[in-house]
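Contents: one structure, followed by commentary.
Any value given below was found using the heavy atoms of this structure, including those in side chains, with hydrogens, waters and symmetry copies removed. Lettering of chains follows the sequences in order, A, B, ..., and the numbering in each one begins at 1.
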Protein chains: 2
Amino acid sequence: MTNKGQVLWWNNMLSEKLKQLRESNGLVQRQVAALLEVDTAYISKIENNEKPVSRIHLEKLSKLFNVGSEELLTLWLADKIFDLIKNEEFAAEAFKIAEERILKDKKN
Amino acid sequence: MTNKGQVLWWNNMLSEKLKQLRESNGLVQRQVAALLEVDTAYISKIENNEKPVSRIHLEKLSKLFNVGSEELLTLWLADKIFDLIKNEEFAAEAFKIAEERILKDKKN
DNA sequence: TTACATTTGACCAATAAAGGACAAGTCCTT
DNA sequence: AAGGACTTGTCCTTTATTGGTCAAATGTAA
């Protein structure tokens with residue numbers, strides 16, 4: 001309802017996590033921006049799901065916030081998966097198929 | 001082992017399915033190419049997983065082969081999901097997260 | 001050997017996405 | 001009113017992906 005009517009895309013759970021981490025670490029966007037050597041507007045967009053987060057940035061952020069990079073990486077990937085299938089009618093079925101194939105490939 | 005050593009990417013199950021459908025319908029690539037109004041090389045690449053299949057083409061193909069478009073669409077999506085996560089370390093976990101979110105969103 | 005089917009590699013134009021910067025605006029709080 | 005924090009829109013450059021083509025190579029059956 002209060003939604004913009006526009007297509008939101010990217011990282012969603014990740015961006016929320018990043019914002020939460022920043023705040024719980026008592027940092028302001030300016031400080032995070034300094035670490036990544038970018039504009040604060042860029043950080044804002046990342047936290048508001050308007051720009052993707054690169055893996056390079058993700059690494060740096062995981063160090064800054066002192067969380068395991070695998071945690072962020074997992075959210076990053078989950079968001080990408082979600083983004084891929086969110087508008088798809090046959091997502092559930094496709095999910096199952098892809099999952100099976102992943103498992104099969106794992107025991108190569 | 002007989003693998004090219006190079007990165008294969010895109011649609012995999014879909015491309016195999018398309019090849020199988022073409023053959024079981026007794027068609028040669030030239031005929032399929034004619035329908036899509038493209039070069040046969042392009043068809044070859046699609047069947048060999050070297051080019052993605054657009055949804056437009058998918059529609060036409062489902063009509064040509066007389067299969068439900070949802071079947072092809074599902075494979076198309078499964079391939080995209082697989083492609084996204086195949087090199088990812090935390091795929092399984094990300095999968096679970098995305099799946100939960102899909103389910104949650106479904107009962108909006 | 002000829003012919004048809006298929007594959008492969010090189011190439012290319014058009015489009016989309018990533019990765020930003022900057023200016024201006026909003027939203028507090030003081 | 002001023003300042004800091006954040007957001008938003010516009011713009012830009014660079015890079016990646018799509019959607020092909022063409023020529024040449026390979027496979028294969030008659």
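In this structure, the side chains of E47(A) and R22(A) come closer than 4.5 Å at one or more pairs of heavy atoms.
With respect to the salt-bridge test (charged N to carboxylate O, under 4.0 angstrom), the residues D79(B) and K17(B) do not qualify.
Look at R30(B) and you won't find any side-chain N or O under 4.0 angstrom from OP1 or OP2 of dT6(C). A sub-4.0 Å separation between OP1 or OP2 of dG4(D) and a side-chain N or O of Q29(A) is absent. Applying the 4.0 Å criterion to OP1 and OP2 of dT7(D), one finds that K19(A) has a side-chain N or O inside that range. For the pair R22(A) and dC6(D), the criterion of a side-chain N or O lying under 4.0 Å from OP1 or OP2 is met. OP1 and OP2 of dT6(C) both lie 4.0 Å or more from every side-chain N or O belonging to S44(B). Residue H57(B) places no side-chain N or O under 4.0 Å from the OP1 or OP2 atom of dT18(D).
Separating the CD1 atom of I43(B) from the P atom of dG19(D) is a distance of 13 Å, rounded to the nearest angstrom. What separates CD of E47(A) from P of dC6(D) is a distance of 8 Å, to the nearest Å. Rounded to whole Å, atom P of dA10(C) lies 17 Å from atom CG of D39(B).
Counting atom types as modelled, K45(B) pairs a side-chain N or O with a base atom of dT21(D) as donor and acceptor under 3.5 Å.
Judged by distance alone, with hydrogens and angles left aside, the side-chain atoms of N48(B) form no donor-acceptor pair with the main-chain N or O of E50(B) at under 3.5 Å.
For the side chain to side chain contact (heavy atoms under 4.5 Å, CB included) criterion with L64(B), the lone passing option out of V32(B), N25(B), L21(B), L36(B) is V32(B).
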